[in-house]
Amino acid sequence: MSRKVVILTSAITTYGLYKYVNSNKNKRCIYSIRSISDHPTSLIIGTGIIGLTSAYYLAKNGHKVICIEKREDVALETSYKNGALICPSLLTPWANSDVPKKYFKSIFSSSSKLTSTKIWPSTFFSLKFYRWMYEYLKNCTTKAQINNTKHLLTLSMYSRQCLNDILHENSISFSRHSNGSLQIAIDPIILKQIIEESKYVNNIQILSTSDEVIKHEPILTTVKDRFYGGVFSSLDTNGNIYEFCCELKKILIEKYNVQFLFNKEIKDFLVTTTNKSHNNYQQHHITGVLTNDNKIINNIDNIILTNGNYVMPLMEKLNIYIPVYPVKGYVVEITTPANISFPSMNLVDDGNKLYISALKPTAEQGIVRVSGLAEFAGWKDIGILSEPDRAQYLYEQTIKWLPHLEPYEKTFHSCSRPVSADDIPLIGLCDDFDNLFVNCGHGSKGWTLAFGSAALLANIINQKSNKEGSEDIDPEPYSPNRF
């Protein structure tokens, strides 16, 4: 066992160190120095929640926006069926000091017990995985975890305000139902851990007994003996991300004349000769793209990659490394009659990393959506339900908390989340280019962070510097050039 750990650790460290030492990248630019036209043309690749919100803020700021999508419509990949939670309070980075030992345990465990994390054997033959894992392990320290948690909290609170602004300006229905989130602790150790992780979050209530938990969520009365206490946050909500995306698409077309090109993939980039940047480094400029049907889209002022799991392989065409790796999760949907009891808030089983959220019921039915687990399978079988047993495990854990849901129909899904190496989104201008931007790497937090990320990106593209006392946030911690 120890020999396997040594071999794997050595491989990750050696490869990552080689790439780190031989990398010529310097963290140089936040804003481009080129002039901005009154109505620039911005090309967005990918139309999930990140791409659509990016289109919204750019179009609102006067950009002519063109969206390219490889699928037949918007939000058919990560944003189709995933967790329903919008949770500023649940922001512990995936890259944290407790994770490495859990991963190694799951890799080499001889037990057949399902764990929250799994690494497929084929992944060990991927150099992309080793390079990503090296950057990831560098962020699995207490110091990095504290800093990254603060950056996530800042962006999440900004994003929550941006969502409120969008809903104030537009009529969007997306089955929002939950009033806050309740993290359930099955023992004192887990409760202490939850409280520690929540110390930077405002508006939380520590529930020290099971009776206090039940006062917040009476639906848990029948399973009172299963838990010890919990933490409640009123900041959180939920909703159907796919519904939101479809509604936002209509607004983009009807109100802002955004153009959508479906069933298109980027075959290549058209890059002009280099110019000198303000730091005397050479920068390239992308004038257009070549699509899979050999059509050229040119005269582009800005190009923005928001295509989640596919950013890393697409950026390789430009010799740019973006440490965003697909991590598969599973989703269970339980469809019920409309007249049964539903949780009034998001429920989080912190011990099993189980996320339960009831969408707003219609006159005909209710839907409880459950998400969890993580598989490192690379780009293999993205969106395919490769291991139904793991989804069944999620369902069984859910029924332990909500046994009255057992008689009703269930369906299983899988969805890969694009996770950055420090679990902080990459938002901004890419070094060596004056008009290439990314907004990616949101992992499991895309629904929570999408709105603030898109607003921040628009500020960067429009060269709107952060001003003291403004609502906008500092873009530097989210720069794609930090790796």
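In this chain, residues are counted from 1 in sequence order.
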- Message: Going by salt bridge (Lys or Arg N to Asp or Glu O under 4.0 Å), Asp293 matches just one of Lys70, Lys267, Lys264. Which one?
- Response: Lys264
- Item | Any side-chain donor near an acceptor of the partner, Ser386 and Lys380, under 3.5 Å | no
- Salt-bridge test for Asp268 and Lys317: reply yes if a basic N is under 4.0 Å from a carboxylate O, no otherwise. no
- Item | Salt-bridge present (Glu243, Lys360; N to O < 4.0 Å) | no
- Message: If only side-chain N and O atoms count, and only distance matters, is there a donor-acceptor pair under 3.5 Å linking Ser234 with Asn203?
- Response: no
- Would you please say whether a donor-acceptor pair under 3.5 Å links the side chains of Thr78 and Asn309? yes
- Query: Would Phe376 and Tyr136 count as a close aromatic pair, with their ring centres under 6.0 Å?
  - Reply: no
- Pick out which of Phe129, Trp94, Tyr310 makes a ring-ring contact (aromatic ring centres under 6.0 Å, His included) with Tyr325. Phe129
- Message: When you compare the side chains of Asp434 and His285, does any donor N or O come within less than 3.5 Å of an acceptor on the partner?
- Response: yes
- Side-chain donor-acceptor pair present, Tyr330, Glu375, cut-off under 3.5 Å: yes
- Message: Check this for me: Tyr80, atom OH, are more than 12 non-hydrogen atoms of other residues, nucleotides or ligands nearer than 6.0 Å?
- Response: no
- Query: Are more than 12 heavy atoms from other residues, nucleotides or ligands located less than 6.0 Å from atom NZ of Lys250?
  - Reply: no
- Would you call Lys445 and Asp423 a salt bridge, using N to O less than 4.0 angstrom? yes
- Task: Check the side chains of His63 and Asn462 for a donor-acceptor pair under 3.5 angstrom, ignoring hydrogens and angles.
- Result: yes
- Assess the side chains of Asn439 and Thr306: does a donor N or O sit below 3.5 Å from an acceptor N or O? no
- Query: Asn240 and Ser175: side-chain donor and acceptor closer than 3.5 Å?
  - Reply: no
- Side-chain donor-acceptor pair under 3.5 Å between Asp165 and Gln161, yes or no? yes
- Heavy-atom closest pair (Ala84 atom, Trp447 atom, distance to 0.1 Å) is O-NE1, 3.2 Å
- Query: Within the distance-only criterion (no hydrogens, no angle test), does the side chain of His284 pair as donor or acceptor with the backbone N or O of Phe433 below 3.5 angstrom?
  - Reply: no
- Query: Is any side-chain N of the basic residue among Lys249 and Asp73 closer than 4.0 Å to the acidic one's carboxylate O?
  - Reply: yes
- How many angstroms lie between CG in Leu248 and CZ in Phe174, if you round to the nearest 0.5 Å? 11.0 Å
